[in-house]
Amino acid sequence: MPGISLQGRKWTITESLIIIVLALVPLFVTFPYRVNIFLSWEGAYRISSGQIPFKDFGSPLGYGFWMIPALFFKIFGPEMISLVKAQVLVNIMAGFAFRSILKSLDVRPGIRLLSVLVFVLSYSFFNFWPWYNHTVIVFELVGLSFLFKSFFSDSRVRSYIWMAAAALFIFLSLFTKQDGGGMAFMLSLLFLAYNSFQTRRWIDLPVFVAMYAFIAVIFIAPLMPGFGYWFNHGQAPHSSRLAFNDFTDEILGNSNWIKFWVVLVIFCLVAGVKQWSTWLQQRKDVLFFLLTLGILGEAAIFQVTSYTPPDNNIFFHSFAFAFVATYLCRLLQVNLDHIKPLLAATVLVLFWWSGTWWKYVGRFTDRLFPVPEMADARHPDPNHENVVNRRNFMLNDDSTDVPVSTWVFSDLKPFRKIYMPESTVKGMDRLMNLPVVKDHKEELKVLNMTELTPLAVVIPYKPETGPDCPLWYHLGVGMFNKQLAIYKQKVQDHYYDLVIYEYAPGLNNFFPFALRDELKTHYHQVDSFLAPRRPTNAIIEVYVK
């Protein structure tokens, strides 16, 4: 029975509200200090301060990732919360790019709306902080959205304008992270090759490559020669961090969701295509299939090459869902453009991805239905029965060497609205009151090898510059033996007035262990406190001459 159909602008308004409203949620909450977020802050701060990547500091990544955060630092100031505001824009860009791709492929409005909801819930909503393994995919989606618009433009001039925009963002994807950006470029060539074959516009493929190369030269040429040393990570003089077994173990041994979607996509295609020769001539249908399979393949590789955080490849769900829903609705003759079936499908999608929104609703249910728990299970009260339930069956295995700390807010402006371990906050306060910081009249020479990079705003000091000054200090990832030798020599020469070093024994030279040995020999440790990590398994040490 036909229901009330949403028409015209109502689809656009509804999809836009889903994208924008859920992207704005982070602006109204507070956050714990996130592990590794100091990388996002440091790059944005240096660029917003006028430093030039690969000249003033080295990085195995291009500076595409830091462009938007640096802009927001200029507008809102170099605070941690400015990163959250930048990510709001990134999430909005991602949502509208995904919607644009589906619109170019003529996905039915009801399926498109549901797919946008899946995309936001599964990929954008919980990404509150900018991170390069997320931004690289967002730039790719923006580039693909422009590329698909160029395929179906009714004007040759507009088509090449869209293509130029696509080349720019596909390059920015590479200039954010090599693995995701490289796969984005390869997928673009695949789509261009098929579209050129069907339209007989053979010039499009070389034109796109020429546009891409021209944009690359504009970005890279001013950064030479330092760019060549840092950006060729995985090649001499650096070594690869990948092995063939990494791919086979992860893809064949795990990746159940990706393999499930591949099987389902192929089943739907085989069941839905009646005449293969006819289907191959239907550009939008073939491009939709190539896109879906390409995204699934990229996700399978991306989870191996970019493994932090572990769920950064789940952008594939929304593409696979859109494809499968399109073919299933055709086969079952279901029209999701009407209110009743659309609402029913929306409830199912919300149930599927309840894990992303229940954590917020769950806070209220925890208050309504409190669970009795023992205050200190390791020192039980003989007058009360020990309570064992699902939540406290396993106790936190906190090391006796590392004190457990509550999380509180800091009064330091760069950390506004960000809570950290109480030990960290008190340690930063003591650091600010050290004579070397409080009474120093000239600019301090500071080596901050910790996750508290925003201290540069309040101490204050200028981060070191130079072609051998890495943006971060992970040995074998963000810096190499050449740079380690330089820093060891500076410590031996007592070059720094103040050194803040983070000792993370459970991480493989996340901050070089060898430098700590030099600090123990040539500097005096005056303080230590917890690093802002969960679990609190790292210590920040303060050294002076």
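Atom-to-atom distance recorded for L24:CG and I92:CD1 is 5.5 Å, nearest 0.5 angstrom.
Of the possible donor and acceptor atoms, none in the side chain of Q483 sits under 3.5 Å from a partner among the backbone N and O of P470. Between the side chain of S153 and the backbone N or O of K149, no donor-acceptor pair lies under 3.5 Å. In terms of modelled atom types and a separation under 3.5 Å, the side chain of S150 and the main chain of L147 share a donor-acceptor contact. Side-chain atoms of K85 never come within 3.5 Å of backbone atoms of P69 as a donor-acceptor pair (strictly under, hydrogens ignored). Of the possible polar contacts, one joining the S354 side chain to the F351 backbone as a donor-acceptor pair under 3.5 Å is found. For T248 (side chain) and N245 (main-chain N/O), a donor-acceptor pair under 3.5 Å exists by modelled atom type. In this structure a side-chain-to-backbone donor-acceptor pair under 3.5 Å is missing from S82 to P78. A donor-acceptor pair is defined here as one N or O able to donate and one able to accept, closer than 3.5 Å; such a pair exists between the side chain of Q303 and the backbone of A300. Within the 3.5 Å criterion, the main-chain N or O of Y45 finds a donor-acceptor partner in the side chain of S48. Judged purely by atom type and a 3.5 angstrom limit, S255 has no side-chain atom pairing as donor or acceptor with the backbone of L252.
Of all heavy-atom pairs between F231 and P60, the closest is CD1-O, 3.9 Å. A345 approaches L336 most closely through the heavy-atom pair CB-CD2, 4.2 Å. Residues W131 and Q87 come closest through the heavy atom pair N-OE1, 4.4 Å. Minimum heavy-atom separation, T176 to V136: CG2-N, 3.7 Å. Closest heavy-atom contact between A271 and L331: O-CD2, 3.5 Å. For A299 against N313, the heavy-atom pair with the smallest separation is O-ND2, 3.2 Å.
The environment of NZ in K259 is crowded: more than 12 heavy-atom neighbours from other residues, nucleotides or ligands sit within 6.0 Å. Counting non-hydrogen atoms of neighbouring residues, nucleotides and ligands closer than 6.0 angstrom, the CE atom of M224 exceeds 12 such neighbours.
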Can you check ring pair (Phe, Tyr, Trp, His ring centres under 6.0 Å) on F191 and F148, steps first, answer last?
CA-CA 9 Å; F191 304 145; F148 280 95; 5.4 Å; yes
Would V334 and L328 count as a side-chain contact (heavy atoms from CB on, under 4.5 Å) here? Give the steps.
CA-CA 8 Å; V334 175; L328 283 180; over 6 Å; no
Full working for side-chain contact (heavy atoms from CB on, under 4.5 Å) between Y194 and R283:
CA-CA 8 Å; Y194 169 77; R283 274 198 299 155; 4.1 Å; yes
Could you give me the CA-CA distance, side-chain angles and deciding distance for W257 and F260, then say whether ring pair (Phe, Tyr, Trp, His ring centres under 6.0 Å) is met?
CA-CA 5 Å; W257 264 114; F260 166 77; 5.7 Å; yes
Would you sort out whether I295 and E140 count as a side-chain contact (heavy atoms from CB on, under 4.5 Å), showing the intermediate values?
CA-CA 11 Å; I295 290 292; E140 174 185 1; 4.2 Å; yes
Assess whether side-chain contact (heavy atoms from CB on, under 4.5 Å) is satisfied between M211 and F214, documenting all intermediate values.
CA-CA 5 Å; M211 290 175 173; F214 178 73; 5.7 Å; no
Can T12 and R99 be said to form a side chain to side chain donor-acceptor pair (under 3.5 Å), step by step?
CA-CA 10 Å; T12 300; R99 177 184 179 272; 3.0 Å; yes
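Every ring-ring contact (aromatic ring centres under 6.0 Å, His included) that F319 has, sequence neighbours left out, goes to F98.
There is a side-chain donor-acceptor pair under 3.5 Å between R201 and S159. Side-chain atoms of Q51 and T465 form no donor-acceptor pair, as typed in the model, at a separation below 3.5 Å. S40 and R34 share no donor-acceptor pair across their side chains, judged by distance under 3.5 Å alone.
Below 30°, between 30° and 60°, or above 60°: for Y229 and F480 the angle between ring planes is above 60°, a perpendicular geometry. Between H317 and W353, the angle of the ring planes goes over 60°, which puts this pair in the perpendicular group of the 30/60° scheme. The aromatic rings of F38 and F510 sit perpendicular, their planes meeting at an angle over 60°, well past the 30° parallel limit.
For an aromatic pair to be called close, the ring centres must be under 6.0 Å apart, and F171 with F219 satisfies this. No close placement of the F54 and W230 rings is indicated, their centers lying 6.0 Å or farther apart. Between H134 and Y123, the distance separating the two ring centers is shorter than 6.0 angstrom. Ring centers of W66 and Y63: at least 6.0 Å apart, outside the cut-off. Aromatic ring centres of F31 and W129: separated by under 6.0 Å.
By the 4.5 Å heavy-atom criterion applied to side chains, I47 and F57 are counted as neighbours. Side-chain contact check for D337 versus W11: some heavy-atom pair is nearer than 4.5 Å.
Cation-pi geometry between K177 and F65 is not met at under 6.0 angstrom from the ring centre and within 45 degrees of the axis. Relative to the ring axis of F152, K284 places its NZ or CZ within 45° and under 6.0 Å from the centre. With Y327 as the aromatic partner, R330 meets the cation-pi criteria of under 6.0 angstrom to the ring centre and within 45 degrees of the ring axis.
A salt bridge (Lys or Arg N to Asp or Glu O under 4.0 Å) check over residues 185-195, counting only residues at least two apart or in different chains, returns nothing.
Residue I266 is tested with L269, V263, V262 for a side chain to side chain contact (heavy atoms under 4.5 Å, CB included); the sole match is V262.
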